[in-house]
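Heavy-atom basis, side chains included; hydrogens, waters and symmetry copies ignored.
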Amino acid sequence: MGKVYYVSKNVGLGVLMLGTLALAIIIALSIAYDKERAKNRSKPGDGVTDSTSMPILPTTPSAPKETWDHYRLPDSFIPISYAVTLWPRLVPNDDGMYIFTGHSTVVFRCVKETNLILIHSNKLNLTIFNEQLAKLSALGEHTAPAIAKSWLVSKTQYLVLQLRKSLTVGRSYILYTEFQGELADDLEGFYRSEYVEDGVKKIVATSQMQATFARKTFPCFDEPAMKAVFNVTIIHDRGTIALSNGKEMDSLIDGIAIRITTFEPTERMSTYLLAFIVCDFVNIHSTQNNLSIRIWARRKAIDDRQGEYALNVTGPILHFYEQYYNARYPLSKSDQIALPDFNAGAMENWGLVTYRETALLYDPSYPQQETKRELLLSSHMNLLTWYWFGNLVTLRWWNDLWLNEGFASYVEYLGADYAEPTWDMKDQIILYDVHKVFAVDALASSHPLSCLEDEVNTPAQISEMFNTISYSKGAAVLRMLSEFLSEPVFARGLSSYLNTFAFGNTVYTDLWDHLQQAVDNTPGLHIPHSVHDIMHRWTLQMGFPVVTINTQSGSITQKHFLLDPDSVVERPSQFNYTWFVPIKWLKTGVEQQQYWLLHKTGCQMTTSGSDWVLANTNVSGYFRVNYDLENWDRLLSLLNTNHKALSVINRAQIIDDAFNLARAKIINTTLALRTTKYLSNERDYIPWESALRNLNYYILMFDRTEVYGALQAYMKKQIQPLFEHFRSITSNWTKVPEGHTDQYNQINAIGVACSMDVEGCRELTKSWFRQWMQNPMHNPIHPNLKSTVYCNAIAFGGTEEWDFAWKMFKNATLASEASRLRGSLACTKTPWLLNRYTPLRSVRQDATSTIQSIAPECCWDAPGMEGDHFSFSSLIKWNHEEISTEFELQEIQRRNQHVGFGSATMAMGTGYREDLRPILNGVTENKVQVLKWFTEEST
């Protein structure tokens with residue numbers, strides 16, 4: 001969705017009050033968060049009889065490394081199958097705790113002689129049998145060794161069994177445990193989700209196992225390579241339904257008002273893909289090619305037909321992927337469920353995909369609400385592609401997470417383009433992945449896509465792999481690979497890979513092997529090196545190059561691009577930060593033969609007369625491009641006279657490259673600003689979105705300086721024609737634009753026009769909002785525009801508008817509507833109103849975004865993603881650029897030293913300071929020339 005800009009910090013007192021409020025909220029939440037974590041650590045033993053007390057063996061950093069001190073499981077066993085029974089209690093016990101009980105049997109084969117069994121177990125109270133925490137028996141007629149000793153290791157999250165004799169290689173054994181755990185509201189493992197419907201609090205037992213939370217549900221070999229078949233039984237109250245990965249086989253009612261549901265055995269799969277849910281939801285369903293497809297949600301949402309779009313697109317999406325991969329979907333059902341409280345946006349559990357409500361449900365009352373449908377479609381495409389690339393074939397260890405996440409991020413665009421061919425979805429990867437990750441990967445503190453296995457061990461280190469580099473750089477690099485191999489060759493290699501390793505585990509080089517086979521079997525396809533050699537340059541070293549082309553001499557050079565040219569790269573590269581760069585290019589509009597830049601320098605691209613060169617056509621490669629000044633001038637002249645001579649993607653690329661080259665001090669700032677002069681004639685979304693993201697950098701730098709007035713005048717001049725364009729094609733705002741991306745750009749037009757005080761814009765949004773206030777049962781604002789209109793009406797309104805929005809937020813029954821209103825309430829420019837905006841009223845999944853909405857001045861950026869229900873990392877990641885003074889930087893660092901930021905401490909380190917420093921330098925270094933340029937161009 002297009003970003004909206006507000007004149008929010010011209011009043012210094014308001015800024016100080018907002019900053020103080022935001023920091024106070026963050027500190028208060030950090031204290032609450034630490035208390036909750038402490039409570040969770042102390043609670044598991046509460047209300048448990050002596051028979052389930054657990055001996056814990058302490059470990060110290062100075063102690064010799066025992067097997068159980070290592071975070072990785074030994075390679076002594078291969079799990080074969082589990083039988084897991086769970087019974088969640090949806091009402092608190094006498095101690096006020098929600099709990100679940102269960103028992104588990106795992107059959108495993110011994111492949112290396114050992115007298116030690118290690119299996120993951122975390123925060124579970126285990127029942128004691130004959131003074132031991134588990135029972136061990138042998139499969140068949142053999143006898144298992146007796147257990148001499150058993151204990152728990154909290155640091156590495158193991159249950160350890162010391163045996164009196166060694167297990168026999170080749171034999172299979174059975175390990176049985178009984179356990180009790182807390183059905184906590186921490187969004188991890190088997191957890192409790194709460195929501196209110198018609199004034200009644202409802203409880204859902206649901207799960208999130210990725211990456212290391214299955215062990216919090218039952219003892220298991222909780223690593224992705226430890227695949228097994230799971231036989232699941234769930235005991236639950238009458239009036240509720242139980243769901244898991246397999247299809248329900250039986251659901252029996254016994255004499256004590258409970259139901260026992262058993263599920264068909266799963267395929268061989270990893271523990272992190274398990275899902276268990278107990279709720280009172282209902283579904284809509286269909287059967288396509290003998291596959292059962294069901295969409296589950298709260299009854300009201302289903303009754304309002306909010307699941308129909310998901311139901312209608314699931315079958316075609318699965319069919320597309322079966323064709324693309326040349327591999328059938330192996331399960332008998334595909335369930336998707338919308339949860340009121342879910343930390344991840346969605347999770348690809350095999351056969352039972354879990355979503356936030358906002359990521360699955362769609363209000364059909366507005367059939368032209370394509371911006372919402374796109375978000376749902378992209379989410380569907382991403383999650384369902386995992387059924388093959390991730391679930392069917394799974395990474396061996398989390399160090400290769402990028403391959404699965406990056407692949408899903410890339411292929412979702414292909415699938416979405418298939419499902420909605422008029423939406424031009426494949427182009428949007430440039431905005432939402434390529435440009436996004438460029439900003440992170442241009443830091444000296446970035447990291448390679450792939451790393452050694454022994455660099456990723458602890459649960460915290462695993463969580464850190466779920467970041468922008470894994471998702472978006474993975475997508476960008478795989479897209480580049482597909483471009484220089486061609487999509488058909490790429491797809492043939494994928495099909496071979498998936499069918500060869502089905503139900504198994506791989507490392508990323510296995511994919512390179514199968515792609516190389518596809519290359520070798522394609523007559524006429526030649527690449528300068530093997531797939532391995534080319535791709536190692538992109539996966540084993542961080543960053544990306546800037547390719548500089550001198551069209552006068554024809555010389556081409558590459559250099560590691562760093563956003564801060566003064567930063568020091570401490571991480572060595574075996575390739576000396578040189579890449580094998582595939583360059584597709586145009587010469588005066590004519591496509592040229594692809595050029596491979598294999599060394600630091602090359603020579604190819606010369607021009608004469610009025611010829612111009614454009615490299616990296618359609619941003620097919622993962623690199624930035626710089627030119628000699630003469631070629632820049634010719635490209636900018638082309639934009640000003642005939643911008644449609646260049647593709648939409650390349651117009652966005654020119655803008656984004658130029659602004660980032662200027663930030664890196666490679667070109668002059670005014671040259672970057674010149675790329676926006678043609679925008680008064682631009683009507684397409686992608687170039688506008690690229691420009692607005694980059695111009696926002698200047699707003700954040702200068703909105704508290706004398707530059708801001710001239711900047712605002714310039715942006716008003718540039719946005720006004722776009723605003724008038726949409727006024728015209730919508731017949732004075734009475735219709736919805738027909739084009740998909742036009743609907744996005746209408747949001748940009750209105751949002752920026754109101755922020756820059758274009759005549760008639762603020763009055764328009766306030767009038768729509770006022771109509772709604774006069775008749776709360778009928779909202780006249782189209783859903784595409786709700787976020788923008790709400791925010792502007794509240795920003796430029798008063799207490800009455802804020803109070804009305806707060807009332808509608810509290811009464812909202814649609815998750816998407818509640819989300820829009822929650823964010824818009826923070827748009828007020830009246831600081832005291834924010835004191836009434838209590839973020840702790842939000843469900844846990846929304847806590848971080850709530851603080852982000854309230855406190856942009858105190859939300860900062862750094863690479864990193866965490867799994868905690870309240871993520872300081874996400875706060876830091878959101879908007880560091882709001883910091884534009886040295887004082888603010890020092891204040892944040894002081895807070896970090898004295899208060900701390902929990903899981904975000906790492907994010908507060910080198911990368912954060914490195915990313916922020918150019919902003920602070922830019923304020924002082926560029927002010928004079930930027931003021932002069934905006935002043936001249938705004939008249």
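Distance check, rounded to the nearest 0.5 Å: CG of Asn349 to CG of Leu273 gives 6.5 Å. Here the CZ atom belonging to Arg537 is positioned 8.0 Å from the OG atom belonging to Ser573, to the nearest 0.5 angstrom. Within the model, atoms CG of Leu392 and CG of Asn499 stand 8.0 Å from one another, a figure rounded to the nearest 0.5 Å. Rounding to the nearest 0.5 Å gives a distance of 7.5 Å between CE of Met269 and CG of Asn391. Here Tyr71 contributes atom OH and Ile462 contributes atom CD1; the two are 10.5 Å apart, rounded to the nearest 0.5 Å. Rounded to the nearest 0.5 Å, atoms NE2 (His435) and CG (Asp656) are 4.0 Å apart.
Side-chain rings of Trp596 and Phe484 approach one another, their centers coming within less than 6.0 Å. Aromatic ring centroids of Tyr387 and Tyr321 lie 6.0 Å or more apart. A distance below 6.0 Å separates the ring centres of Phe438 and Phe544. Aromatic rings from Tyr191 and Phe213 are positioned such that their centres are separated by 6.0 Å or more. Remark: aromatic rings of Tyr272 and Trp398 are close, center separation under 6.0 Å. Between His536 and Phe575, the distance separating the two ring centers is not shorter than 6.0 angstrom.
If you check the side chains of Thr212 and Asp222, you find no donor sitting under 3.5 Å from an acceptor. Side-chain polar atoms of Thr394 and Lys227 form a donor-acceptor pair below 3.5 angstrom. Side chains of Glu405 and Ser470: no donor on one and acceptor on the other come within 3.5 Å. Under the 3.5 Å distance criterion, with hydrogens and angles disregarded, a donor-acceptor pair is assigned to the side chains of Tyr497 and Thr506. A side-chain donor from one of Tyr325 and Thr385 sits under 3.5 Å from a side-chain acceptor of the other. In summary, the side chains of Asp441 and Ser446 do present a donor paired with an acceptor at a separation below 3.5 Å, with no hydrogens or angles considered.
Distance alone, capped at 3.5 Å, places no donor-acceptor pair between the Asn660 side chain and the Asp657 backbone. Between the Trp397 side chain and the Val456 main chain, a donor and an acceptor come within less than 3.5 Å of each other. Tyr410 places no side-chain N or O within 3.5 Å of a backbone atom of Ile429 that could act as its donor or acceptor partner. The closest donor-acceptor contact from the side chain of Glu223 to the backbone of Leu73 lies under 3.5 Å.
Between Phe221 and Phe77, the two ring planes are tilted [angle within 30° to 60°]. The aromatic rings of Phe503 and Trp350 are tilted relative to each other, their planes meeting at an angle between 30° and 60°.
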Review point. Can you check side-chain contact (heavy atoms from CB on, under 4.5 Å) on Tyr577 and Lys559, steps first, answer last?
Key: CA-CA 8 Å; Tyr577 289 104; Lys559 182 181 179 181; over 6 Å; no

Review point. Are Gln517 and Asp513 close enough, and set up right, to give a side chain to side chain donor-acceptor pair (under 3.5 Å), and what steps lead you there?
Key: CA-CA 6 Å; Gln517 292 174 19; Asp513 290 337; over 6 Å; no

Exercise for review: Give the intermediate values and the outcome of side chain to side chain donor-acceptor pair (under 3.5 Å) for residues Tyr413 and Asp433.
Suggested key: CA-CA 11 Å; Tyr413 291 97; Asp433 283 290; 2.7 Å; yes

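Among all heavy-atom pairs drawn from Cys110 and Lys112, the shortest one is SG-O, 3.1 Å. Among all heavy-atom pairs drawn from Phe623 and Val547, the shortest one is CD1-CG2, 3.7 Å.
By the neighbour-count criterion of 12 heavy atoms within 6.0 Å, atom NE2 of His599 is sparsely surrounded, having that number or fewer from other residues, nucleotides or ligands.
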